[in-house]
Structures are given as C-alpha cells and as structure tokens.
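Inspection log for the structure reproduced underneath, given as structure tokens.
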Amino acid sequence: MVCDLARRRFFPYLDGELAAEEQASLEGHLSCCPDCQRLIHLERTFRARYLDHLRPDPAPETVRREVSRLLNGLSDHHPGGSGGRHRRSSTIRSVAVAVGVCLVLGGATLGVAVRRWWSGTSASLVRLAEASVEQHQKLTRGLLPYDVRGMSPRQMERWFRGKLDFDVNLPELPRKNLALLGGRVSSLRDIEVAALHYQLDGKDVSLFVMPLEKYRQLGLAGTPKFKIVTYQGYDVIAWASHGVAYSLVSEIGGQSCLVCHSPEERLDFPTGFRAHGML
Amino acid sequence: MDPGEEFEALTVQHLDSLHAYARLLSRDRPASKDLLQEALLRAFRAFGSYKRQLSFKVWMFTIMKNVSVDWARGVRVRLLAGGWRESEEWFAAGHGEDPTPSSLPLDPEQVLIRNVTVEQVREAIKNLPPGLREVVELREIEGLSYQSIAEVIGHPIGTVMSRLYRGRNVLRVLLREASSDTVISRRAHGV
Ligand SMILES: [Zn+2]
C-alpha cells in the first residue's frame, strides 16, 4: 500500500469505520512505514488532546425549565402508539358526530354537501385540528412566546402587516370579559399563520388566521361553511371568510365564537349549532 | 416504567445534545427552542413506534432534522430555522461536496505546536460552513457512527465521509490560523 492511500484511510480507521480487510492492510503498511507511523501518532495525539474532550454545551436553565414544563404538560397523555390509535378513532368519531348533527338538523341540501365534504376532507380537517390544538397548547402554556402583547386589535393588525402574505383583520373586542393577550407569527404545519391568544371569562381561546389559498388546498373551502371537530378534548372550528380562513380552538365550544361576535348577533352557523353546549 | 416516564427520562438524559443540535439546525437563533419543542411533541406522539435498539438520541436527531426541513420548505424560513436550506444551498453552489480524492488529511502538527485550547477547537467547529459543521459535530461531539449520521442528515454514507473529511481539514485550517483567540472570535461575530 502506498502512503497516500494509507493516509486517506486515517480518519475512518481511527473512527473504527474501516472494513476488517482494509484495516488489516492499513495496519500492515503502518508496521513498516515510519512516516505514516509518525502521522498516525499525531492524529491520535490530536484526538486525545482535543476531540475526546468535546461535549455538547450544557442546555441553559431556561431551556431545561421550558422542556420540563412541556413534559409535565404531556404527562397527562399517553405517548403515541396504541393509545394514539384510540385517540385518533375518538377524533374521527367526533367529526362524525359533528357531521351527524349537521345532517340531522341541516336538511337535505346541506346533507348532500356535508356527505361530500365528509368523505373527501375529514382527514385534512383532523390534521388542521391537530396542528391547531398543538399550537393552542403551546401558546396557552407559555411555550411559544408572543411576538407582540398588550396591543389593541387595530395595533395588532398593523403589526402583522408586511410580516405575512395576507391581511389580518381582527374583530374589535365586543365584550368586557374578553382580552387579547398576545399574538405571534406561527405555523400550523407548513402554513404560516397569525396566531392570537384570547381569554374569554378566563378561558383560553386561540384564533389562527391563514391564507384562504392554503385552506382551499386542504380541500376545506366548500360547504358547510363552519367545520366543527373535537380533538383531544378541544373544540376546533374552522371556516373561511373575506379572503382568509380561520381556525378557532378552545375548550368552551361555540362560546368561543364570542371572540368575534357579540352574543346578540345572529351567526351564520349550520342549523342547530348553538353558541353554547355545542356537540 | 410507563412509556411517558421513559420518554421524559430519555429526554432529560439527552437534553444537552438535543439542545445543541437544535441550535446547530437553527443557526444559533432563538428559534432553536421552538424547533426543540416541536420535535419533542412529534417524538412524543410517535414514541409508540420508537424501536428500543435504536439510540434515542439518533431517533430524536432524525425527527429534529425533519422538523427543520419542513420549516425550511415552508414560508417560515425567513423567521425560523432556515438552516437546512442555507446548508443545502451552500452545497448546491458547489462548495464542500467535492471529496477532492487526491487531497490528504492535513497534518495536525501545526495545530498541536500552537497549543490551542479545547475551547478554541469548539469555537472553530461552530465557525465551519453549515453542512460541514453538522457532520463534524455529530461525529466529534455526539460520537455518532457514519451510518447514524447518514440517517440523520438523509444522505448516503459516502456523502457523510466526504463532508467529514473536508470538515476536519477546514477545521485544521481554522485552527492553524488561530494564532490567538481573536481570529476565531472575530469570525464568530461575523466581522
Ligand atoms: Zn506510509
């Protein structure tokens, strides 16, 4: 073996990644070549002096605390696997219940539309719900920092301008017991959204605003206008309006709609959907 | 131990490595925290399919890499990680990938004579070009096998070897230049 070939194998040799045959042939060369012996000695010294002492930097205390909070939050659930399958099927059941409500109460025309939507887009809806719930949990547990806080809806709209490819129009706060806590540019999977965290009577509500085009790509833009699903105990309502689409997450069902609407306002919901005690 | 407790114990055990890789993938930007959390949530959901004979660290690294790739493909790239895209663009521009088969490992003698510190070596690794830093860290700091690195970065072993080869040589060049702390720290601050 010539020296160049031997030296080119130094790295994998010292990494323990050479095949037995190559290793034997390299060791054969080393035993009779003083130049290569000297170089491999330098390589070993370099490793012993520097590389063997390298360790990952310790994670800062803030990161440890945040991860610990996240893990505590997760401890109420079972990790994915057999338990996950159970949750998924109960989710699908919830979609079915929501659809069922619409079918029973919505009349024949709506029924046809719903059935078409149910067969084609339920998986998209569950994925959107899943992503929305995940973001909601992180937002409300303080795991995702706000980009902005303490702003009025108008100021918040201005803040989002230029940061997203679509206009974010936020409702005025119609009720005293409703607070807009903060907002951030976030993502539901690969969809860039404006994420808003509200509290209504002390209950957390998240509103995600996304481009209509993305919502269409999920196949969710058709009828019924309001898609309702319960995912992991959270109520998720998705709909499109005025060139953008929304996903609203809470644990208070249709009451969360009061983030945008006053209690007196008549809502354009599927027949039978009530602002309280939905599903 | 129930799976939830096991997941928590493994995460805590490997947290330094997970955090370090998140920093690497997000170019040391604050988004590294989001990336780590997103990866932990994904991992938690998929923990039922985690095969115990595989290293938890390698499994988590693979998930983290996927998260960063997803993010870089989405529009969040300008706000978030973007590390994957920068790194792939760097290689696409013809850097780093050339295995220069005739080149040899740079003799480490100059570095040894200069008697640089471990801290300087660590700092120099952080200043390697993106894709080279990744394989060098995964090997020298995390101690991953070539096969594991290939799985994490999603490239064949041959690519791992050529990047590692080049990364180690560039590291030596940086350390030879490091006649004092100033050279490396100037680079570190992009001046
Ligand atoms: Zn020789």
Side-chain angles (χ1 to χ4, degrees), chain A residues 3-4 7-12 15-17 38-39 42-43 45-47 49-60 62-64 66-68 70-72 74-85 87 130 134 137-138 143-145 147 163-165 185-187 189-192, chain B residues 2-8 11-12 15-21 23 30 32-34 36-38 40-41 43-50 70-71 73-76 79-80 101-105 107-109 111-112 116-118 121-122 125 137 139-142 145-146 161 164-165 168 172:
Chain A
C3 294
D4 279 6
R7 286 172 201 178
R8 242 175 267 136
R9 290 182 178 169
F10 277 6
F11 288 153
D15 288 334
E17 298 267 1
R38 192 185 76 85
L39 285 171
L42 287 172
E43 289 292 345
T45 308
F46 183 73
R47 280 180 187 234
R49 195 183 293 176
Y50 300 115
L51 305 180
D52 293 349
H53 298 280
L54 295 173
R55 298 283 178 279
D57 293 332
T62 50
V63 171
R64 291 193 172 276
E66 282 174 16
V67 167
S68 157
L70 179 77
L71 292 171
N72 284 338
L74 292 174
S75 66
D76 310 337
H77 306 272
H78 292 290
S82 51
R85 201 176 318 129
R87 272 204 307 282
E130 184 183 33
E134 185 183 305
Q137 288 175 329
K138 287 196 204 169
L143 298 173
L144 280 179
D147 290 332
K163 294 186 179 66
L164 293 164
D165 303 331
V185 174
S186 221
S187 52
R189 296 282 177 273
D190 58 343
I191 304 176
E192 197 170 32
Chain B
D2 83 37
E5 285 171 2
E6 187 189 3
F7 182 81
E8 185 169 349
T11 301
V12 171
L15 190 57
D16 290 346
S17 293
L18 302 182
H19 173 257
Y21 193 48
R23 302 251 338 192
S32 64
K33 288 184 193 169
D34 287 356
L36 177 57
Q37 293 190 349
E38 169 78 23
L40 284 172
L41 285 170
F44 184 79
R45 283 201 298 269
F47 195 56
S49 63
Y50 163 59
D70 287 352
W71 281 1
R73 283 192 177 128
V75 270
R76 275 211 95 185
L79 293 157
L80 270 171
S102 63
S103 75
L104 295 170
D107 171 357
E109 191 165 23
V111 181
L112 290 168
V116 299
T117 63
V118 172
V121 174
R122 185 194 294 275
I125 290 175
E137 281 202 12
R139 174 67 216 174
E140 310 290 28
I141 301 181
E142 301 298 344
S145 69
Y146 292 180
M161 290 178 74
L164 190 55
Y165 196 95
R168 281 169 162 164
R172 287 167 189 203

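Note that the coordinates shown come from a computational prediction; the quantities given were computed from them, not determined experimentally. Atoms considered below: every heavy atom in the structure, side chains included; atoms not considered: hydrogens, waters and symmetry mates. Throughout, a chain's letter reflects where its sequence line sits, starting with A, and its residues are numbered from 1.
- The side-chain contact (heavy atoms from CB on, under 4.5 Å) with A:P56 is formed by just one residue from the set B:L18, B:L15, B:D16; it is B:D16.
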Could you walk me through whether A:Y50 and B:L112 pass the side-chain contact (heavy atoms from CB on, under 4.5 Å) test, one step at a time?
-> CA-CA 10 Å; A:Y50 300 115; B:L112 290 168; 4.0 Å; yes
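- Remark: A:R55 CZ to B:E142 CD distance equals 10.0 Å, nearest 0.5 Å.
- Heavy-atom pairs under 4.5 Å with chain A were tallied for B:I125, B:V12, B:T117; the largest tally goes to B:T117.
- Only the side chain of A:L39 has a heavy atom closer than 4.5 Å to any heavy atom of chain B.
- Between the side chain of A:E17 and the backbone N or O of B:Y146 there is at least one donor-acceptor pair closer than 3.5 Å.
- No salt bridge links B:D34 with A:K138; every basic N to acidic carboxylate O contact stays at or beyond 4.0 Å.
- Looking at A:P12, the atoms closer than 4.5 Å to chain B (heavy atoms on both sides) sit in the backbone and in the side chain alike.
- Most heavy-atom pairs under 4.5 Å with chain A: of the set B:S145, B:P108, B:A20, this distinction falls to B:P108.
- Annotation: the span from A:E66 atom CD to B:L36 atom CG amounts to 9.0 Å, rounded to 0.5 Å.
- Pairing each heavy atom of A:P60 with each of B:H19, the nearest pair is CD-CE1, 3.2 Å.
- Between the CG atom of A:D15 and the CG atom of B:L164 there is a distance of 6.0 Å, given to the nearest 0.5 Å.
- With values rounded to the nearest 0.5 angstrom, B:R139 atom CZ is found 12.0 Å from A:L54 atom CG.
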Check step by step if side-chain contact (heavy atoms from CB on, under 4.5 Å) holds for B:D107 and A:R38.
-> CA-CA 10 Å; B:D107 171 357; A:R38 192 185 76 85; 4.0 Å; yes
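- How far CD of A:E134 is from CD of B:E38: 5.0 Å, rounded to the nearest 0.5 Å.
- Looking at A:R47, only its side chain comes within 4.5 Å of chain B, counting heavy atoms on both sides.
- Salt-bridge check for A:E43 with B:R168: failed, with every basic side-chain N at 4.0 Å or more from each acidic carboxylate O.
- In this structure, CG on A:L71 lies 6.5 Å from CZ on B:F7, to the nearest 0.5 angstrom.
- Note on B:M161, B:K33, B:E5, B:Q37: by heavy-atom pairs under 4.5 Å with chain A, the leading option is B:Q37.
- Using a distance-only test at 3.5 Å, with no hydrogens or angles considered, no donor-acceptor pair links the side chain of B:Y165 to the main chain of A:R8.
- Contacts of A:T62 with chain B are made by side-chain atoms alone, with heavy-atom separations under 4.5 Å and no backbone atom involved.
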